[in-house]
Each structure stands twice: as structure tokens, then as C-alpha cells.
Amino acid sequence: MLFVANWKMQKTLDQSIQFVQKHIDALKALNRQIILCPSFPALYPLSQLLENSSVFLGAQDCSPHELGAYTGQVSAQSLAEVGCTYCIVGHSERRNYNKESNSEIAQKATQLLHQNIIPIVCVGESQQEFEKKQSIDVLHNQLEPVFKVIESQSSASTVCIAYEPIWSIGTGNVPDTQYLQNIFDTLKEWCSAKTSKTKYTLLYGGSVTGENIQQFYQVENIDGFLIGGSSLDFQKLKKIVS
Ligand code: PGA
């Protein structure tokens, strides 16, 4: 099981450092695959603090370009140099506020794969799409360009796909087990139909807490979780992970 803490822009640089300094031993003692994703300025100091530990470092976004005149963007190579092994791309907040397209997100995944960073590609439907029963179509459209670039890579790679229904993010509303089972069965089927070169890991994200985690374990094919709000507090994160 993989536990990805998406800190979004919720912790400052100092708060991110303090969290790791205070909890690094307890994090290691949990003995689980945990990935901390702070904002960009915290990546370097955290990479120093997490060095030689079992806790991994992830970024929250990267540029779709290799390098060049792209003010404000951060390249996948810089993320690799700073010690990231994972990077979230296509989070619904970026799709929404930064108008990121599916093909741009696929380009970001490509840049990451070139640097041996595992992309965590976020997909998910809106409330309206959910109500109109369009979820599977939405996921298909979001993932097709990503599958295309991944499958064109010559070397073996690992890719995480995080299913995060937008209506569940930060709301406390979570999909029921049967609905999730159908989604994860579909995702699994799509991934299995791809070449065996790529290893796909499927995550669920959206209002995951220590209180509701058990219900997700009833769903087959969920390999881990992308956790926002509940990852900010160590005790809450610990409850989920353990
Ligand atoms: P949440 O966020 O756990 O606060 O719902 C999840 C996410 O946005 O990745």
C-alpha cells in the first residue's frame, strides 16, 4: 500500500520542515510506503531530512517542457536532482485553476518518466458528470493521452493513477463501495490491456480519513491513497497509515 500526502499549499516552508523534523522517526517506524509532497521550496530541505530513510519525496506538479524560457515552471530534471521520486500531475485543482489539458498532463508525465520519476496522474469526474453517469467516459478521455505517451516509452516504467472524484475532494463525501469497485475494475482492465512494460499502481483520493479508511479496503484493486487534509496532521496521517 502506498500513502501519498498531498500538502497542497497548506504548509509553509518552515511548517513543512518542522513536521518532518518532529515526526521523522515515527514516520519511519510506521514501516509503510509513505510519500510526502510539499510545495516546491520545501523539496530541498526535506530531501536532506529524508535522506537514507524509507519515506519518499514527491512534487505536486512539473513543467510539460524539458527546459527553456518558461518563467515560473519547474523541470522534471530539477525535481530529480532535488531528490523527488514521485510527482503528482493533473490534480483537479490544477486542471481547474490552471486550465491544464489532458495532453499537457500527458506531456508532464513524459518529462517525469524521462527522469525516472514516477508520475501520479490524477483523474476524476465532477459532481455534474457523476450525476449524469459520465464518470467512465470522463476517465477514458483523461487517461487516453497519458496511456499513449506511457506506452510509447522504450524503457520499463511505473505509473500511479489516482482516481479522485472532484466532488469528494475536501468535502467529506466519499463514493460508495459498489461505485468505487466498478471504477477500479475498469481502471484495472484498461491498465491490464496495456503492455507489460509498465507497472500501474491505482490510488484512491478524496476525503480519506482514519475513520473511513476501512471501507476502501473492501474495494479490490486499490493499491494506495492520495491524502490531502488528513495528511497535514501527523496523528491523522498515522491513523490512516496504520
Ligand atoms: P482531501 O484531498 O483528502 O483533502 O479530500 C485529496 C486531494 O486533493 O488529493
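Side-chain atoms are counted along with the backbone in the values below, which use heavy atoms only and exclude waters and symmetry mates. Both ligands and their constituent atoms are indexed starting at 1 by order of listing.
Ligand 1 lies nowhere less than 4.0 angstrom from a heavy atom belonging to G205.
Contacts of I169 with ligand 1, taken as heavy-atom pairs under 4.0 Å, involve both backbone and side chain.
Distance from atom 4 (O) of ligand 1 to its nearest protein heavy atom, with residue and atom name: G229 N, 2.8 Å. Closest to atom 3 (O) of ligand 1, if we only count protein heavy atoms, is G228 N, 2.9 Å. Protein heavy atom at the shortest distance from atom 7 (C) of ligand 1 is E164 OE2, 3.1 Å.
On a distance-only criterion, K8 and ligand 1 share at least one N/O pair closer than 3.5 Å. At a 3.5 angstrom cut-off on N or O pairs, I227 does not count as close to ligand 1. Considering backbone and side-chain N/O atoms, L226 never comes within less than 3.5 Å of an N/O atom of ligand 1. Between E93 and ligand 1, no N or O atom pair is found at a separation short of 3.5 Å.
Atoms of ligand 1 lying under 4.0 Å from any heavy atom of H91, numbered from 1 in the order shown and given with element: 7 (C), 8 (O), 9 (O). Atoms of ligand 1 found under 4.0 Å from any heavy atom of N6 (numbered from 1 in listed order, with element): 9 (O). For ligand 1, the atoms closer than 4.0 angstrom to any heavy atom of G206 are 5 (O).
Looking at S126 and E129, their side chains do bring a donor and an acceptor atom within 3.5 Å of each other.
Residue V121 forms a side chain to side chain contact (heavy atoms under 4.5 Å, CB included) with just one option from L112, I105, L203, N102, and that option is I105. Checked options F184, Y163, F147, W190; the residue passing with Y200 is F147 (criterion: ring-ring contact (aromatic ring centres under 6.0 Å, His included)).
The minimum heavy-atom distance between L232 and F19, with the atom names listed, is O-CE1, 3.6 Å.
Counting heavy atoms from C-beta outward, Q77 and L67 have side chains that stay 4.5 Å or more apart. Side-chain contact between Q73 and H65: present, with at least one pair of heavy atoms (C-beta onward) separated by less than 4.5 Å.
For the pair E211 and K239, the salt-bridge criterion is met [side-chain N within less than 4.0 Å of a carboxylate O]. Using a cut-off of 4.0 Å between Lys/Arg side-chain N and Asp/Glu carboxylate O, E100 and K108 are scored as salt-bridged.
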